[in-house]
Structure formats: C-alpha cells, structure tokens
Amino acid sequence: MNQSTGSSPISVDQIKSGFAQSGYICNDDIAMTMFLAYQLEKPVLVEGPPGVGKTELAKATAHYLNYELIRLQCYEGLDEAKALYEWKYGKQLLYTQVLKDKLGDLLKGAHGLAESIDRLHEFGDIFYSEQFLEPRPLLQALQAEQGTVLLIDEIDKADHEFESFLLEMLSDYQISVPEIGTIKAKRHPIVFLTSNNTRELSDALKRRCLHLFIPFPDAKLERNIIQTRVPGISEKLQDQLVGFVQEVRKLDLKKQPAISETIDWARTLLLLHAEALTPELVASTLNVLLKHEEDIGNVKDDMRTLFNKLFKQ
Amino acid sequence: MDRVMVDFVKALRGNGVRIATSETLDAMHALDLVGYSNRARLKTALSATLAKSEEEKSRFDACFDQFFQFNDFEQFGQDQKPEPPPPSFLQQMLKGDNAANATAEAQSPLGQMLMQGDSQALSQAMAQAASEANVRDIRVITQKGLYGRRMMMAMGLEAMEQEMWAAEGSQEPQQQALGQQLREARERLREEVKHYVERQYLLQASGDSRALRESVMRETSLENLREFKDVQGLVRKLAKRLVATPSRRRKVYQRGKLDVRSTIRHNIPYSGVLLETHWKTKRVDKPKVTAICDVSGSVSQYSRFLLMFLYSLTEVISNVRAFAFSSDLMEVTEWFERENLDTAIDLTLNRLGGGSTDYGRSLQTFTDLCLNQVDHRTTVIMLGDARNNYGDPRTELLQAIHNRARQLIWLNPESRLRWGSGDSEMKRYKPHCTWAEPCQSLNQLERFISNLLRYSQ
C-alpha cells in the first residue's frame with residue numbers, strides 16, 4: 001500500500017462512518033466496494049440511474065480522505081488534447097516571436113546551414129518541454145504529489161476511442177505521451193468512472209474496474225439521507241415524504257425521482273413551513289420531484305390512491 | 001479454497017456472466033481481504049469484482065445463493081449442520097445399548113462415516129468424490145444417475161456394500177442389525193448424492209445446455225421456430241446485443257475531408273497559422289424503416305419474427321412503420337405501438353392472414369397510401385416469397401418505391417434456388433431492389449438487421 005496517511009480507512013465500518021461525517025450516507029455495498037477499491041488500487045465503475053449520488057460518492061471520498069478531486073466531464077468528441085495534455089501553442093508562438101531577435105545573436109558567426117542547425121540543437125527541445133505543456137485532468141491526476149481522487153464523469157457519453165485510450169491509464173496508472181515518454185503516476189489516484197448506461201461499455205474497460213451499481217435507496221436509507229442533508233425537517237414530514245416518494249417510484253413513470261430530487265423536495269417543503277403532506281401541497285410542489293409534464297399528470301391522477309396507501313400504514 | 005472459487009466462476013460463466021481471468025484474480029485478492037466470516041460482505045466483494053452490469057448482478061445473486069448453499073461455510077461458522085435426524089437417533093440407540101454392540105461397528109471407512117453421522121466429514125468426502133468423478137462435466141440431466149453412481153463409487157461404496165452383505169448374511173443378530181443400518185444409511189447417502197449432482201447440474205450445465213438450445217434455435221427455419229418456448233426471449237437478447245454494439249456512433253469524427261472553415265476559425269488565435277485541424281463530421285441518422293410484410297399462410301411466421309425484431313429495436317431505429325398484406329394491404333403500425341407484441345401480431349394475422357396473395361394490388365395500395373412519405377432516409381423492407389398466383393406483378397410500382405427510398409431490401413423466406421420457379425415473381429422484382437436476401441433462420445435475420453444498422457450510418 002502506498003497510501004498510509006493518518007485517515008487511512010482500515011475497515012468497511014470506518015469508511016461508512018467516515019462518509020457519514022462528510023454527509024454521505026451509504027449502505028454496506030458501497031462501503032465495501034470503496035474498501036476494495038482502496039485496498040486493491042482498482043478503479044471503480046459506478047452505474048445507476050441519474051441522481052442516486054454517483055458523482056457525490058467521488059466527492060465524499062475526496063472529502064473523507066482529504067484528497068484533491070480532479071474531475072473530467074466526458075462528452076461526445078472528447079479527445080486526448082482535452083483529457084490528457086495539450087501544448088500551449090499560443091505561448092510557443094509568442095516565445096518564438098519574442099526570441100526572434102535573440103536568434104540572430106545566437107547564430108552570429110556560424111558558417112553555413114549545417115553549423116547553424118548544430119547550434120540550435122544544443123538547446124534541445126525547449127519548445128516541447130514541460131513549461132509548454134498544459135496538463136489536463138488525467139495528467140494532473142498522474143502528476144499530483146498528494147493523493148487525488150480522479151472522477152471521470154459520464155464515460156458513456158464519450159466516444160469508443162476515448163474508452164480504449166483510457167485502458168492504459170486504468171490498468172497501469174500510466175500514460176504514454178509521444179513527445180515526452182511514459183508518465184507514471186507518482187501516487188496511484190483513486191479513480192471513479194460513472195455511467196448512466198446510455199450505451200454498453202466495452203468489456204475491456206469493465207474488466208479493469210470494480211463494478212458498483214447504486215440503485216434507488218430503500219425507505220430506511222432514504223430517511224437517513226434526508227435527515228443528514230435536510231436537518232431542519234420534522235420527523236413526521238420526513239416519514240410521509242419518503243413514503244410518498246417510495247410509492248411514486250413504483251408507478252410507471254418516464255423518469256423516476258432520484259435521491260437528489262427527494263432532497264430538493266424536502267428543502268422546498270421546509271421553506272414552505274409545511275407540517276404534513278396534503279394533496280394540495282403535493283400538487284403544487286410536484287414539479288420539484290418530477291421533471292416530465294406527463295409524469296406529473298399521472299401522479300396527480302393517482303394522488304388519492306397514493307395518499308390512501310400512505311396514511312393507512 | 002481456490003478450487004471453490006474456480007468452480008464458482010465456472011458456474012457464473014455457465015449462467016451467462018462474462019468473466020475474464022484477471023477478474024478471477026481480483027476476486028481472489030478481494031477474498032483474501034474480506035474472508036469468509038461475513039456472507040453478505042463476501043457477496044458484495046465478489047459481486048463488485050465479478051459481475052459488471054446490472055443484468056449480470058442479478059444473475060450473480062441467484063448463482064451465489066445457489067452455489068454457497070452447500071455447506072462450504074459451515075466448517076468456519078457454527079451454522080446448523082444439514083444432518084438428517086435418523087443417524088443421531090441410530091447413534092443414540094447404538095450408544096445406549098449394551099457394550100456388546102460396540103463390536104458390531106462398521107469397518108469400512110464409508111460405513112464408519114455414515115454410522116457416526118459426521119456430516120462435516122461426509123460433505124468433505126462428497127466434495128472430494130465429486131471432483132474425482134468430474135461431476136462438473138455433467139452436460140445433460142439424463143447423466144444424473146451415471147455421475148451419482150460414479151460419486152458413490154469414489155466414496156468407497158464398494159467396501160461398504162461388501163460389509164453390508166456380509167453382515168446381513170451372518171447369523172449374529174448384532175451383525176444383522178448393523179447390516180440393516182448400513183442399508184438405510186446407503187439409501188440416505190444415495191439421496192444426498194442425487195441432490196448434490198442435481199445442484200451441480202443446475203449450476204454448471206444448465207447454462208451450457210441453454211447455449212446449445214439457443215444455437216439450435218438460431219439455425220432452425222423460422223417456420224418451425226414457434227415450437228420453441230423461449231424464442232421471444234432469444235430475439236430480445238439478439239436485439240439487445242445489436243443495440244449495445246459499442247462501435248455504433250452518432251457522429252463520425254476525423255474521417256473524410258478537412259473542414260476548412262472551421263479550421264481557419266479555430267486558428268485565428270495563432271495568427272492564422274494552421275496548427276489545429278478540424279475535420280468534417282458526419283451525423284449518423286437513425287434509420288427510418290418501413291416494413292411491408294406478407295402475412296399470407298406460408299410466410300406469416302417469417303413476418304412475425306421480422307416484426308418482433310424491428311419492434312425490439314426501437315432504441316436504435318427511430319421510426320418503424322409496419323404494413324401487412326395478403327390479398328390487400330393495410331397499415332398495422334398502430335397496433336404494434338399500442339398492444340404488446342404478441343397481441344399485435346395475432347391481430348394482424350387474424351385480420352389479414354390467410355387470403356390469397358396479390359402483390360400487384362398490395363403495391364398499388366401502398367403507393368396510394370404513403371408513397372409520398374417515403375423519402376431518402378427511409379429504408380423499405382419487403383418481406384415475402386413473391387408468389388403472386390400468376391397475377392400482374394406491377395414491377396413499375398416497386399421501381400417507383402425504389403427510386404424514392406434510400407434503399408429497398410427484399411427478404412425472401414425461400415432459398416435462392418427456388419426464386420423464379422412456378423408463380424414466384426422474384427426474378428422480376430429483384431432488379432428493382434437495392435439487395436435481396438434469403439431469410440430463413442434467426443441467424444440470417446440477425447445478420448441482416450446488423451447490416452441494416454451499419455449501412456444506415
């Protein structure tokens with residue numbers, strides 16, 4: 001293990017309580033996977049519906065370990081120039097312009113082309129050295145002296161080529177740059193890849209990662225999360241709210257409400273000084289929870305049955 | 001424990017979870033860290049290292065529960081032993097009886113083990129015998145008896161039976177009682193072994209035999225395919241694989257021509273020196289598909305599978321319109337959008353199926369209905385045997401469709417040799433198709449759809 005700082009997580013329970021302190025409530029599965037990722041030094045591929053806290057997990061890990069979080073948002077057309085490194089063209093150009101005059105001095109007294117070029121060679125690849133290298137997230141993560149958490153967000157949005165390009169990084173924590181050579185990680189970063197499953201990732205990528213699937217939370221976990229994230233909320237409202245959301249998830253909707261939406265809704269209700277859920281209150285604030293007109297309509301239609309179910313319990 | 005792990009991985013593979021060797025190694029490392037003490041955590045740890053998608057996770061869960069139900073753990077924990085009550089009862093009887101009984105103890109190792117009711121040693125011996133008899137190689141359920149017998153032999157049944165017969169044949173009542181007990185014990189053992197082999201079969205072989213059945217199904221003529229029970233599941237699986245093919249992109253980058261305008265614009269910061277190149281990108285459209293299916297008697301089954309496929313592909317095909325015809329043609333898209341697949345297909349077959357086929361009239365109706373909606377993005381798929389009962393084929397109508405559409409594909413359930421024979425008009429229709437293919441099995445159908453998706457990029 002090359003990580004042996006004071007806050008090193010030793011057991012699953014420690015990770016769990018550590019995450020809880022940074023405001024991220026998780027179940028055993030998540031804590032266990034984090035434990036393995038840390039011990040085996042493997043990247044973690046996190047999948048799940050949007051809004052269940054995939055990105056938050058990376059943030060919480062960074063916070064817990066007191067590591068820097070480096071984030072790379074993936075999108076269609078992302079290439080290595082934006083992900084790994086880029087030469088500072090502008091700076092290179094500017095320097096050549098500024099140094100033009102110097103060039104005359106340098107080459108003074110040189111006879112013929114061959115001698116001039118020899119002189120220039122003495123200076124080596126000045127314009128292709130580290131000073132002119134613009135490190136992008138991946139390189140930053142490799143070069144960092146302190147431990148880092150590297151979050152490669154929504155990898156499924158990136159192209160197939162980019163996925164293959166990541167393989168070297170994920171398996172050996174190193175990257176080959178043609179002009180400089182192979183760059184090895186000074187300390188192995190903790191790598192998270194998140195995916196919303198818009199397309200299937202390649203087997204090669206999956207093979208190199210641990211896999212974590214975060215589903216919608218059960219009622220107990222969701223109550224805990226609300227309690228931590230929205231501290232001011234009364235217990236009664238919290239119970240009703242979570243019960244309602246859990247019921248709504250059972251309906252056939254275009255987009256199921258996730259944890260982030262539940263939190264937003266809880267905050268909204270808190271702002272409105274609500275004491276308990278009423279059909280009118282729900283109807284007027286439903287657009288916080290559901291993001292499709294059709295879904296809102298459906299839930300409004302089913303409101304009576306939902307409430308009946310809720311208050312029977 | 002390595003052996004257990006390897007067996008478990010094999011069982012997972014049999015159940016359709018893809019596992020690479022490196023992942024097995026990861027699982028071993030995880031195992032070292034986690035240990036066997038906590039079953040739930042062990043499950044999570046193995047799940048994280050072995051199952052890499054939501055679907056695989058659910059398969060993993062089922063497989064884990066089944067695999068580790070056997071008492072591999074009991075030697076570590078203090079769970080209840082699956083000890084059948086009779087032996088302890090017999091034991092008590094033996095112990096409770098007078099000292100003379102002590103002489104009537106079983107001599108063969110297996111007999112001793114059974115009489116002592118030592119379930120732990122027994123299960124170990126069973127596992128040992130299973131590996132000697134290669135139970136994991138079991139392929140079909142009818143081999144159950146064979147492997148069970150082999151396992152019992154490996155456990156030393158022979159010696160025990162010798163003893164049993166000898167004891168039964170002797171005059172002493174104690175010996176006879178022993179023989180009786182041994183016989184009962186043998187029956188119990190037989191039961192246990194049978195269960196064990198069955199479980200192994202479910203774990204190891206059901207996956208293999210499923211794969212075998214699937215490969216048979218894929219080659220079977222579509223006409224006979226309906227007799228297979230889970231064919232719709234297979235179609236869905238194939239369709240899903242087509243959707244998931246990772247190489248499918250919405251845009252094609254860095255291919256073709258330099259985008260001069262974009263290149264100049266992006267290089268203005270470098271005072272016009274062209275450092276960064278930009279390439280023309282090509283948007284990949286989702287194909288618009290119009291399927292025209294013959295649903296008359298002989299071809300209806302083929303149409304069924306084509307429609308099944310197309311409607312399982314809604315993720316990558318944006319707009320499927322379906323027309324069915326026999327003596328005349330009508331649009332059935334609405335049924336397929338509203339009803340579930342089976343109902344829609346049955347509705348179509350009921351309404352239209354069975355009449356005598358008239359290609360000319362059907363093409364005319366199609367032209368009247370929606371020829372003007374066929375455009376350069378539309379792929380028209382004709383499915384039929386082109387047997388027109390010697391009517392007018394109206395090839396000029398097909399040509400008109402061909403001219404408007406991006407491509408016109410004809411799928412014919414008959415093999416090429418029979419095209420043009422008898423009342424088949426295939427030879428006359430063929431020049432007006434972009435391409436024409438025979439389509440007889442799921443394999444051919446899958447290949448066709450995969451081409452359709454690829455060429456439409």
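Reckoned from all heavy atoms, side chains included, excluding hydrogens, waters and symmetry mates.
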**Prompt:** Hey, what's the ring geometry for A/F19 with A/Y64, parallel, tilted or perpendicular (30° and 60° as the breaks)?
**Reply:** perpendicular
**Interface moiety of B/T49 toward chain A, non-hydrogen atoms closer than 4.5 Å** = both
**Toward chain B, the part of A/L93 with a non-hydrogen atom under 4.5 Å** = side chain
**Message:** Between B/A51 and chain A, with a heavy-atom cut-off of 4.5 Å, which part of the residue counts as in contact: side chain, backbone, both or neither?
**Reply:** backbone
**Prompt:** Where does B/K52 contact chain A at under 4.5 Å (heavy atoms): side chain, backbone, both or neither?
**Reply:** both
**Prompt:** Is B/E55 paired with B/R59 through a side-chain N to carboxylate O contact shorter than 4.0 Å?
**Reply:** yes
**Prompt:** Which atoms of B/R18 come close to chain A, meaning under 4.5 Å heavy atom to heavy atom: side chain ones, backbone ones, both, or neither?
**Reply:** side chain
**Prompt:** When only pairs under 4.5 Å are counted, which of B/H29, B/E56, B/K43, B/E54 shares the most heavy-atom pairs with chain A?
**Reply:** B/E54
**Message:** For A/R249, is there an ion pair with A/E222 - N to carboxylate O distance below 4.0 angstrom?
**Reply:** yes
**Item:** Residues A/D13 and B/R41 bridged, charged N to O under 4.0 Å
**Value:** yes
**Prompt:** Does B/T21 have any side-chain contact (heavy atoms from CB on, under 4.5 Å) partners at least two apart in sequence or in another chain, and if so, which?
**Reply:** none
